[in-house]
S.K.: 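Structure incoming, see below.
Not measured: the values here are computed from a predicted model. Just so you know, ligand 1 is whichever comes first in the structure, and atom 1 is the first atom listed for that ligand.
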Amino acid sequence: MHFGVIGAGQMGAGIAQVAAQSGFTVTVQDVKDEFLARGQATIEKSLARLHEKGRLTETPADVLSRIRFTTDLQDFAGCDLVVEAVVENEAVKADLFRQLGQIVKPEGILASNTSSIPITSLATASGRPERFIGMHFMNPVPLMALVEVIRGYSTSDETARRVTDAARAMGKTPIECNDFPGFVSNRLLMPMLNEAIQCVMEGVAEPEAIDGIMKLGMNHPMGPLTLADFIGLDTCLSIMEVLHRGLGDDKYRPSPLLRKMVQAGLLGRKSGRGFYSY
Ligand code: CAA
Ligand code: NAD
């Protein structure tokens, strides 16, 4: 299997790593060499941690040797499956899929790791809607079991089968759902994170208290504000906007504090500051 990943951010790096760990040949693309270098460093750090714990069957160098880094989209021509993991912006993703539909061999499958953007609309942009699907990995990819598989309006059974097989080969558990805003995962998760942010804005409690209550009281592994910082506040805002627009209900209105923090460049862990400092 020749596996392609677009975007070497936290999700793209994780997806590339897990694909390489399962023996696939992997090509990763990003717009600048410095972003590729950052992605490679993330992969190296994660592989070292897994190796230390005895959770890798090979050396980190063996896994890395199967990953090729590039800034050229033409390198995806021979890929069997390409997963896109760039910023959560519909125009950027649609433009990429328009190009990939022309570049990747006709039998190749195109997939998006989008958190919320309509799969059917990206599928149309790709010009190969039968061979298009949502392949939604969870963060951190090397540790999380789920891949949410989202069928677009025209996704073929064969495409769904090949993608669920690939997810299983990567050691993940695929679960299918249909194409509605936020799918299942973020339709349920994101309103909770947004409400936690609204609690901060209204002075219901300090961030540490909100996180402590949800960790100790509900057995969540991370409190909602820690998790929002971990996901990226820009990504959280984009997802809330898709839910609000797509479902047309004000219960999905992004918290004004979330919007203001993103405007201020406080994106969470990836920018060094969000509800906490890193
Ligand atoms: N690679 C390899 N190993 C890693 C790692 C990584 N990226 N991150 C953590 N680890 C390892 C640690 O070394 C540690 O190993 P040991 O237990 O063997 O010592 C283990 O994983 C646990 O890590 P920590 O002790 O640092 O922290 P933790 O116990 O809190 O676990 C966690 C970390 C698994 C991330 C846990 O906090 C968790 O499950 N958090 C919630 C994550 C979550 O909800 N993800 C979904 C986000 S939403 C999404 O992804 C969809 C979307 O579209 C936004
Ligand atoms: P990120 O900001 O960490 O990384 C995005 C990467 O995409 C950056 O390296 C950027 O340089 C690159 N990029 C931007 N435009 C590009 C283009 N035109 N071509 C190639 N590369 C480009 O973001 P992330 O958290 O990895 O999220 C990526 C995608 O995965 C988003 O759609 C997001 O909604 C989704 N997602 C995120 C999470 C999460 O917890 N962060 C979980 C599941 C899914």
S.K.: Under 4.0 Å from atom 48 (S) of ligand 1, do we find at least one protein heavy atom?
M.R.: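 When distances to the protein are checked, atom 48 (S) of ligand 1 has a heavy atom within 4.0 Å.
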
S.K.: Tell me the contacting part of Asn186 for ligand 1: side chain, backbone, both, or neither, using a 4.0 Å heavy-atom threshold, strictly below.
M.R.: side chain

S.K.: Checking contacts here: is it the side chain or the backbone of Ile6 that comes within 4.0 Å of ligand 2, counting heavy atoms only? Could be both or neither.
M.R.: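 The side chain, only.
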
S.K.: What is the closest protein heavy atom to atom 40 (O) of ligand 2, and at what distance does it sit?
M.R.: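 Here the closest protein heavy atom is Asn139 ND2, 3.0 Å.
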
S.K.: Considering only the protein, which heavy-atom contact is closest to atom 17 (C) of ligand 2, and what is its distance?
M.R.: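 The closest heavy atom on the protein side is Val31 CG1, 3.6 Å.
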
S.K.: Judged by non-hydrogen atoms, does Lys32 sit under 4.0 Å from ligand 2?
M.R.: no

S.K.: What is the nearest protein non-hydrogen atom to atom 22 (C) of ligand 2, stated with its residue, atom name and distance?
M.R.: Val86 CG1, 3.4 Å

S.K.: Roughly how far, to the nearest 0.5 Å, is CG of Leu243 from CE of Met190?
M.R.: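 These two atoms lie 8.0 Å from each other.
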
S.K.: What atoms of ligand 1 come within less than 4.0 Å of a heavy atom belonging to Leu189?
M.R.: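 It comes down to these atoms of ligand 1: 48 (S).
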
S.K.: Rounded at 0.5 Å granularity, tell me how far CG in Leu73 sits from OG1 in Thr27.
M.R.: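 It comes to 11.5 Å.
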
S.K.: For atom 36 (C) of ligand 1, what is the nearest protein heavy atom, given as residue, atom name and distance?
M.R.: Pro221 CB, 3.9 Å

S.K.: Indicate yes or no: does an N/O atom of Thr114 lie under 3.5 Å from an N/O atom of ligand 2?
M.R.: no

S.K.: Are Val5 and Val82 packed together at the side-chain level, in the sense that at least one heavy-atom pair is separated by less than 4.5 angstrom?
M.R.: no

S.K.: Between Met144 and ligand 1, find which residue part has any heavy-atom pair under 4.0 Å and reply side chain, backbone, both or neither.
M.R.: side chain

S.K.: Test salt bridge (charged side-chain N to carboxylate O under 4.0 Å, His left out) on Arg128 and Glu107; report intermediate values, then the result.
M.R.: CA-CA 9 Å; Arg128 56 174 85 184; Glu107 64 275 27; over 6 Å; no

S.K.: Below the 3.5 angstrom mark, is there an N/O of Glu88, backbone or side chain, next to an N/O of ligand 2?
M.R.: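 For ligand 2, there is an N or O atom that lies under 3.5 Å from one belonging to Glu88.
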
S.K.: Is it true that Leu96 and Val83 fall in one hydrophobic cluster, defined by side-chain heavy atoms closer than 4.5 Å?
M.R.: no

S.K.: Considering non-hydrogen atoms of the protein only, which is the closest contact for atom 26 (O) of ligand 2, and what is the distance?
M.R.: Met11 N, 2.9 Å

S.K.: To the nearest 0.5 Å, how far apart are CD1 in Ile197 and SG in Cys236?
M.R.: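 It is 6.0 Å, given to the nearest 0.5 Å.
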
S.K.: Check Lys93 against ligand 2 and report side chain, backbone, both or neither, counting heavy atoms closer than 4.0 Å.
M.R.: side chain

S.K.: Hey, what else clusters with Val184 if you join Ile, Leu, Val, Met, Phe, Trp, Tyr whenever side-chain heavy atoms sit under 4.5 Å?
M.R.: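 Val184 shares its hydrophobic cluster with Leu188.
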
S.K.: Would you kindly specify which portion of Met138 sits under 4.0 Å from ligand 1, judged on non-hydrogen atoms: side chain, backbone, both or neither?
M.R.: both

S.K.: Can you report which non-hydrogen protein atom sits closest to atom 15 (O) of ligand 1, along with the distance?
M.R.: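 For atom 15 (O) of ligand 1, the nearest protein heavy atom is Lys53 NZ, 3.1 Å.
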
S.K.: Can you name the atoms of ligand 2, numbered from 1 with element, that are less than 4.0 Å from a heavy atom of Phe35?
M.R.: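 In order of numbering, the contacting atoms are 11 (O).
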
S.K.: Side chain to side chain contact (heavy atoms under 4.5 Å, CB included) with Leu267: which of Asp234, Asp229, Thr235?
M.R.: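 Running side chain to side chain contact (heavy atoms under 4.5 Å, CB included) over Asp234, Asp229, Thr235 with Leu267 returns exactly one hit, Asp234.
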
S.K.: For the atom pair CG (Leu258) and CZ (Phe275), what is the distance rounded to the nearest 0.5 Å?
M.R.: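 If I round to the nearest 0.5 Å, the distance is 6.5 Å.
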
S.K.: In terms of residue, atom name and distance, what is the protein heavy atom nearest to atom 4 (O) of ligand 2?
M.R.: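 Looking at atom 4 (O) of ligand 2, the protein heavy atom closest to it is Gly9 CA, 3.3 Å.
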
S.K.: Go through ligand 1 atom by atom and flag the ones less than 4.0 Å from a non-hydrogen atom of Leu227.
M.R.: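 By the 4.0 Å cutoff, the relevant atoms are 43 (C), 44 (O), 47 (C).
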
S.K.: What protein heavy atom sits nearest atom 33 (C) of ligand 1, and how far off is it?
M.R.: Leu143 CD1, 4.6 Å

S.K.: In terms of hydrophobic clusters joined by side-chain contacts under 4.5 Å, are Leu237 and Met11 together?
M.R.: no

S.K.: Select one of side chain, backbone, both or neither to describe which atoms of Asn139 lie under 4.0 Å from any atom of ligand 1, heavy atoms only.
M.R.: both

S.K.: For atom 23 (O) of ligand 1, what is the closest protein heavy atom, and at what distance to 0.1 Å?
M.R.: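 Result: Arg49 NH2, 4.6 Å.
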
S.K.: Taking a hydrophobic cluster as the set of Ile, Leu, Val, Met, Phe, Trp and Tyr residues connected by side-chain heavy atoms closer than 4.5 Å, whether directly or through intermediates, do Phe183 and Tyr252 fall within one such cluster?
M.R.: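 No.
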
S.K.: Assess the residue pair Arg161 and Glu158 against the criterion (salt bridge (charged side-chain N to carboxylate O under 4.0 Å, His left out)); give the C-alpha distance rounded to whole Å, side-chain angles, the decisive distance to 0.1 Å, and a yes or no.
M.R.: CA-CA 5 Å; Arg161 188 190 56 73; Glu158 165 74 5; 3.1 Å; yes

S.K.: Looking at atom 30 (O) of ligand 2, what's its closest protein heavy atom, distance included?
M.R.: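 Of every protein heavy atom, Asn113 ND2, 3.0 Å lies nearest to atom 30 (O) of ligand 2.
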
S.K.: Is there side-chain contact between Tyr276 and Pro207, with heavy atoms separated by less than 4.5 Å?
M.R.: yes

S.K.: Please indicate, with yes or no, if any protein heavy atom is found under 4.0 Å from atom 21 (O) of ligand 1?
M.R.: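 There is a protein heavy atom less than 4.0 Å from atom 21 (O) of ligand 1.
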
S.K.: Return the residue, atom name and 0.1 Å-rounded distance of the protein heavy atom closest to atom 23 (O) of ligand 2.
M.R.: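 Its nearest protein heavy-atom neighbour is Lys270 NZ, 4.0 Å.
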
S.K.: Any idea which atoms of ligand 1 are less than 4.0 Å away from a heavy-atom of Ser46?
M.R.: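 Going through ligand 1 atom by atom, the ones under 4.0 Å from Ser46 are 1 (N), 2 (C), 6 (C), 7 (N).
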
S.K.: Would you say atom 17 (O) of ligand 1 makes contact with the protein, given that contact here means a non-hydrogen protein atom less than 4.0 Å away?
M.R.: no

S.K.: Does Phe137 approach ligand 2 within less than 4.0 angstrom via side chain, backbone, both or neither, non-hydrogen atoms only?
M.R.: backbone

S.K.: If you scan the protein for heavy atoms around atom 25 (O) of ligand 1, do you find one that is closer than 4.0 Å?
M.R.: no

S.K.: Would atom 31 (O) of ligand 1 count as contacted, meaning some protein heavy atom under 4.0 Å?
M.R.: no

S.K.: Can you tell which part of His136 has a heavy atom less than 4.0 Å from ligand 1: side chain, backbone, both or neither?
M.R.: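 It is the side chain that gets close, since no backbone atom is under 4.0 Å.
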
S.K.: Run down the list Ser112, Ser115, Ala85 and name the one with the heavy atom closest to atom 35 (C) of ligand 2.
M.R.: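 Shortest heavy-atom distance from atom 35 (C) of ligand 2: Ser115.
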
S.K.: Can a protein heavy atom be found under 4.0 Å away from atom 44 (O) of ligand 1?
M.R.: yes

S.K.: Do Phe137 and Glu148 come within less than 4.5 Å of each other through their side chains, counting heavy atoms only?
M.R.: no

S.K.: Flag yes if Ile15 and Leu100 sit in one hydrophobic cluster, no otherwise; membership is Ile, Leu, Val, Met, Phe, Trp, Tyr, and two members link when side-chain heavy atoms are under 4.5 Å apart.
M.R.: no

S.K.: Could you see if Met135 belongs to whatever hydrophobic cluster contains Ile109? Use Ile, Leu, Val, Met, Phe, Trp, Tyr and a side-chain cutoff under 4.5 Å.
M.R.: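 In one cluster: yes.
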
S.K.: Could you tell me whether atom 12 (C) of ligand 1 has at least one protein heavy atom nearer than 4.0 Å?
M.R.: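 Looking at atom 12 (C) of ligand 1, one finds that a protein heavy atom does lie closer than 4.0 Å.
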
S.K.: Could you tell me whether Val92 and ligand 2 have an N or O pair separated by under 3.5 Å?
M.R.: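 N/O-N/O distance under 3.5 Å: no.
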
S.K.: Write out the residue and atom name of the closest protein heavy atom to atom 8 (C) of ligand 2, then the distance separating them to 0.1 Å.
M.R.: Asp30 OD2, 3.6 Å

S.K.: Verify salt bridge (charged side-chain N to carboxylate O under 4.0 Å, His left out) between Asp179 and Arg151, making sure each step is shown before the conclusion.
M.R.: CA-CA 6 Å; Asp179 186 22; Arg151 285 183 185 234; over 6 Å; no

S.K.: Is ligand 2 less than 4.0 angstrom away from at least one heavy atom of Glu84?
M.R.: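 Outside the 4.0 Å threshold, so no.
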
S.K.: Mind listing the closest non-hydrogen atom pair of Arg66 and Phe24 along with its distance?
M.R.: CD-O, 3.5 Å

S.K.: Is the closest heavy atom of Arg38 to ligand 2 under 4.0 Å?
M.R.: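 Distance cut 4.0 Å: Arg38 passes for ligand 2.
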
S.K.: Does the salt bridge (charged side-chain N to carboxylate O under 4.0 Å, His left out) test come out yes or no for Glu88 and Lys93, once each step is laid out?
M.R.: CA-CA 8 Å; Glu88 187 73 348; Lys93 288 183 192 289; 3.8 Å; yes

